[in-house]
Amino acid sequence: MPYDPRISEERWYRYWMENGFFHSTVDRTKTPYCVVIPPPNVTGVLHMGHMLNNTIQDILVRRARLHGLNACWVPGTDHASIATEAKVVAKLKAEGIDKRDITREEFLEHAWAWTRKHGGIILEQLKRLGASCDWERTAFTMDEVRSESVIRTFIDLYNEGLIYKGVRMVNWDPEAQTAVSDEEVVYKEEQSKLYYLRYRIEGEEEEYITIATTRPETILGDTAVCVNPNDERFRHLVGKRCIVPLVNRPVPIIRDEYVDMEFGTGALKITPAHDINDYEIGYRHNLETIDIFNDDGTLGEKATLFVGRDRFDARREIIPALEAAGNLVKIEDYANKVGYSERTDAVIEPKLSMQWFLKMKKLAKPALAAVLTDEVALIPAKYKNTYRHWMENIKDWNISRQLWWGHRIPVYYLPDSNDFVVAATAEEAAALASAKVGRRLTPADLRQDEDCLDTWFSSWLWPISVFNGVLEPENEEIGYYYPTRDLVSGPDIIFFWIARMIMAGYAYRGQKPFHNVYLTGLVRDKLRRKMSKSLGNSPDPLELISRYGADGVRVGMMLCSPAGGDLLFDESLPEQGRNFTTKIWNAFHLVSSWQVADAPQPPHARLALEWFEQRLRECADTLEVSFGQYRVSEALMILYTGFRDDFSSWLLEIIKPAHGTPVDRETRDRCVALFEHFLQLLHPFVPFITEDVWQQLRPRKKGESIMISRLPATRSFDVALLEEFERVKGIIVAIRNIRKQHDVPFKDSLELKVKWHERYPQRFESVLLKMGNLSAVSILPAAGESGDAPSDDTLSGAWSFIVDTVEFFIPAAGEVDVAAASAKLTDELAYTRGFLASVMKKLDNEKFVNGAPADVIENERKKRADAEAKIRAIEEQLSRLTAPKS
RNA sequence: GAACUGUUAGCUCAGUCGGUUCAGAGUACUGCCUUGACAUGGCAGGGGUCGCCGGUUCAAGUCCGGCACAGUUCACCA
């Protein structure tokens with residue numbers, strides 16, 4: 001019966017849920033291992049990035065559980081202020097409702113309805129992947145605890161003097177009609193035009209000053225033209241005024257160091273309302289500020305021309321007008337970078353507005369130190385530089401958003417005043433306000449700030465707030481689970497989220513939020529393109545799961561995704577993963593098909609099991625090292641090749657009984673035990689099939705599960721035995737090659753003769769007999785030994801090979817191709833002589849012998865001895881081949 | 001423009017302290033095998049001047065300098 005992932009996955013996930021295996025509670029006798037999920041957008045759907053990220057988290061969490069740690073993976077979702085609001089606005093628009101026509105309360109009703117309808121779908125999708133989250137702990141950034149935590153945090157920070165309000169030049173998103181933070185602006189290189197425009201000098205008929213701009217429509221808001229103080233070309237014009245074209249406004253010609261004499265004409269038009277640099281120059285020179293744009297990116301009344309036109313239309317339309325007026329000098333092609341809103345992809349408009357800011361310098365200090373000292377380890381460490389650079393140059397965080405969906409800023413304005421109080425509720429605000437003004441005020445007298453807080457102002461509290469550590473800092477859960485252990489995230493949100501969580505951690509708990517940050521790469525397609533809807537190159541994760549099974553997809557994702565490296569995904573990966581699960585299933589199928597008999601254990605089986613036990617210990621040991629360094633792909637690869645090659649191709653092939661014959665009990669029991677151990681090691685990667693097989697390998701009690709089993713402690717392993725078995729493998733491979741070269745079918749048994757050598761793994765002869773299908777193995781005395789030296793007669797008609805300087809012979813079933821065999825030996829001889837020469841070169845070098853450490857020299861001597869022995873062996877075989885037959 | 005990271009097999013990547021037969025893995029490829037767990041497979045095999053140039057060293061894929069190319073982040077000039 002083939003393995004059906006759909007049935008198995010549904011069944012075992014339900015089993016795990018019913019038994020509460022995912023749930024964690026405080027248990028002081030156990031070490032906690034905690035991971036908080038990077039909360040996906042509440043109305044989002046699962047994409048490949050989530051798949052990779054959550055697969056890694058599940059692997060870490062499941063492994064921790066098998067190690068006996070109290071594993072707790074906290075799931076949840078993020079309200080995603082801008083993204084969700086944009087979706088709701090679009091939905092309302094489709095229904096013919098304009099957001100501006102409804103009240104805040106009505107809008108929020110729609111938004112909550114949308115959230116209830118689409119919210120949490122993504123969490124259900126994660127279950128299909130096998131995510132072992134503690135679903136009883138599912139949190140939402142806008143649920144009651146998290147909301148109150150955000151408000152409390154705002155109030156605390158305000159009271160500490162870290163939050164302030166002010167008019168600043170901010171990044172305005174005309175699409176979402178809100179300010180966004182610097183981090184939410186994405187710059188893209190663009191081919192645009194540079195327009196040269198001349199402004200007539202006031203009082204002169206034919207004298208002009210020419211400026212260059214990429215945004216000609218903004219001249220309507222110009223309040224100066226600026227040149228460099230050292231620029232001789234304009235010296236005679238400074239202090240005069242020029243006339244802004246079309247609007248005919250006289251503006252001063254001023255001087256400022258900021259202006260680059262090399263660029264354009266060396267004269268810069270100044271629009272303080274619509275450019276951050278212009279704003280600063282305007283501030284220094286006390287210039288008037290004319291804001292010509294509306295919030296939606298159309299031109300406003302103050303523009304006086306093109307009023308109501310979109311800024312891009314105005315840009316196009318103003319050119320003919322300027323040309324007609326004689327102000328257009330020339331147009332050049334120009335490549336520049338334009339800022340776009342990360343969320344809406346609208347071109348960002350620098351805009352002056354009143355916003356709330358959080359001072360960052362003080363918060364950043366301990367968070368920077370933590371990463372630099374590896375108190376919080378970034379994996380891979382290359383991101384430390386990026387992090388440091390950002391933290392050292394950190395700017396204040398604009399935390400207000402002109403949105404409705406989110407946490408409303410807890411600021412209440414006094415009647416007819418810009419004065420305000422900060423309080424968690426309107427009632428508290430009224431009390432504070434009353435005290436402030438000296439008369440009784442009710443909540444109705446106050447006006448709450450209209451703005452919401454940036455989404456990240458709630459996410460940055462996530463590792464604390466999911467355990468209610470903001471509102472109840474002394475509670476048992478936060479004390480036990482915090483700091484969490486590992487955070488798995490993408491490098492794209494290092495600043496948005498990770499850095500800020502570290503800051504919040506130190507600010508609120510005096511402690512880091514997590515020990516390690518594992519940064520995954522991006523999932524790309526085979527051509528290294530980002531996965532995107534518009535390219536249509538992003539597979540549907542759930543469809544992949546139905547096609548290849550969750551285990552198959554997990555393996556596919558992990559086969560090739562080192563920390564920080566991109567995952568180049570294509571369907572051959574989950575296919576390979578699926579094939580691997582099939583391999584596991586088939587191995588189980590073989591073992592479970594055996595009839596068991598109470599019979600003595602054959603030596604080859606005993607030896608193979610003895611070897612594999614050591615091999616498995618080695619595997620488990622290497623795995624510890626790989627996980628210790630978060631080399632999760634490498635860990636999987638160890639298991640992948642270990643299972644396929646060592647377990648299936650070697651162990652099972654050696655111990656499996658001939659068709660129709662039973663296996664002895666001892667062999668089967670040992671095999672099952674080793675199989676179980678291997679399944680435990682595999683479980684974090686392929687949780688479903690390992691559970692399925694584990695449940696069937698032997699009778700299980702109700703409520704038992706591989707996922708809550710304990711992984712055996714790592715033990716030392718016998719290196720000499722492992723090396724010896726490698727020689728066994730080498731001999732078997734060589735015999736297979738002989739068969740192949742000479743067309744000897746496997747069913748024809750062969751005889752093997754060995755020239756005695758201490759490296760011949762004689763102990764494993766029974767394994768050689770079985771795997772080589774040998775009728776007999778006989779030992780020939782070593783050269784130089786007295787007694788029966790092998791007669792050339794015995795060996796002249798034999799095929800031969802050398803494994804690790806041990807010489808083997810197989811009496812030929814047919815003619816020996818002397819020419820071919822000697823050609824091969826001659827090649828090998830040449831190579832070995834060359835190798836010996838390189839070793840000798842070192843050993844003959846006095847500087848090497850004097851300078852290199854003793855063990856290195858010893859090694860070289862050993863190499864020399866080995867090479868010499870090998871050369872002797874080859875020469876001997878060659879001479880035997882070419883000697884005339886007696 | 002700056003900083004950082006990278007460049008090893010057709011592809012995706014390991015390669016720790018400079019030192020073993022160190023040039024490796026997976027995949028792709030080639031040949032043979034439908035043998036009684038598994039063709040979603042087995043067995044075997046071919047494949048690399050370690051980006052380029054120079055330096056240090058007894059010894060360099062590994063350390064240093066320069067160059068080329070790629071990627072990431074930050075800044076930005078209108």
Side-chain angles (χ1 to χ4, degrees), chain A residues 2-3 182 187 194-195 211-215 218 226 258-260 262-265 267-271 275-278 334 336-337 380 382-390 393 491-492 494-495 522 526 528 548 552 559-562 564-568 572-573 575-594 625 629 631 633-634 636-638 640-641 644 648-649 652-653 656 658-660 733 736-737 739-741 743 745-747 804 831-832 835 838-839 841-842 845-853 855-860 862-863 866-867 870:
Chain A
Y3 178 66
D182 295 342
Y187 288 90
L194 189 58
Y195 302 92
I211 58 91
T213 181
T214 53
R215 300 198 57 191
T218 61
C226 189
Y258 171 80
V259 179
D260 179 359
E262 307 298 318
F263 189 90
T265 60
L268 171 66
K269 72 183 209 57
I270 305 294
T271 322
D275 182 282
I276 180 68
N277 296 306
D278 289 11
Y334 183 65
N336 69 337
K337 287 197 177 167
K382 66 177 178 182
Y383 289 110
K384 276 167 81 172
N385 272 316
T386 310
Y387 180 88
R388 188 183 67 198
H389 187 262
W390 190 76
N393 297 289
D492 50 332
I494 286 184
F495 309 134
L522 254 49
K526 207 74 190 164
R528 281 196 186 276
Y548 300 102
L559 273 170
C560 189
S561 44
D566 289 343
L567 168 62
L568 272 49
S572 67
L573 288 169
E575 193 181 327
Q576 196 188 341
R578 190 263 326 263
N579 295 352
F580 181 56
T581 58
T582 305
K583 187 77 186 168
I584 297 173
W585 181 255
N586 284 323
F588 162 67
H589 187 241
L590 172 67
V591 172
S592 66
S593 72
W594 290 339
V625 175
Q629 299 169 339
R631 297 167 165 227
S633 291
E634 188 179 280
L636 173 59
M637 195 48 76
I638 290 163
Y640 179 84
T641 54
R644 206 183 50 178
S648 297
S649 295
L652 293 183
E653 288 299 329
K656 79 176 178 191
H659 181 64
V733 167
R736 284 173 181 159
N737 268 323
R739 285 182 182 278
K740 190 177 171 187
Q741 280 159 26
D743 277 330
F746 184 78
K747 61 181 193 318
D804 198 18
Y831 173 81
T832 313
F835 174 70
S838 77
V839 174
K841 198 178 156 192
K842 286 188 204 173
N845 184 333
E846 243 178 75
K847 284 182 180 169
F848 173 73
V849 179
N850 295 333
D855 58 321
V856 171
I857 294 169
E858 191 46 47
N859 236 324
E860 292 299 317
K862 207 173 141 217
K863 276 157 71 179
D866 282 355
K870 193 169 173 186

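Computed from a prediction, not measured in an experiment: that's the story for all the values here. Just so it is clear: chains get the letters A, B, ... in the order the sequence lines come, proteins before strands, and each one is counted from 1.
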If we take the [atom1] atom in both [N] and [M], what is their distance in whole Å?
N	M	atom1	value
B:A68	B:C29	C1'	31 Å
B:G45	B:G18	C1'	33 Å
B:G48	B:C64	P	29 Å
B:A39	B:U49	P	38 Å
B:A25	B:C17	C1'	23 Å
B:U16	B:U62	C1'	10 Å
B:A44	B:U5	C1'	40 Å
B:C76	B:U20	P	50 Å

Atom pair distance, as rounded to whole Å: [atom1] in [X] and [atom2] in [N]:
X	N	atom1	atom2	value
A:L567	B:G26	CG	P	19 Å
A:L568	B:C11	CG	C1'	9 Å
A:N393	B:C74	CG	P	11 Å
A:N845	B:C58	CG	C1'	5 Å
A:Y383	B:U5	OH	P	13 Å
A:I857	B:G19	CD1	C1'	11 Å
A:K384	B:U73	NZ	C1'	17 Å
A:K337	B:G1	NZ	P	11 Å

Per-nt protein contacts along nucleotides 34-43 of chain B (heavy atom under 4.0 Å; B base, S backbone sugar-phosphate only, - none) come out as --BBB-BSSS
Do the rings of A:W390 and A:F495 sit parallel, tilted or perpendicular, given the 30° and 60° boundaries?
-> parallel
Kindly indicate whether the side chain of [X], heavy atoms from C-beta on, has any atom under 4.5 Å from the side chain of [Y].
X	Y	value
A:Y258	A:C226	no
A:V839	A:K842	no
A:F746	A:R736	no
A:I857	A:F848	yes

Compute whether any side-chain donor of one residue and acceptor of the other, for A:K269 and A:T218, lie under 3.5 angstrom apart.
-> yes
Think A:N737 has a side-chain N or O under 4.0 angstrom from the OP1 or OP2 of B:G45?
-> yes
From the options [options], select the nucleotide whose nearest atom is closest to the side chain of [X].
X	options	result
A:V856	B:U12, B:G15, B:G19	B:G19
A:Q576	B:A75, B:C58, B:U27	B:U27
A:Y640	B:U27, B:C76, B:C58	B:U27
A:K847	B:U20, B:C58, B:C76	B:C58

Of the non-hydrogen atoms in A:L567 and A:L573, which two are nearest, and what is the gap between them?
-> CD1-CD1, 4.3 Å
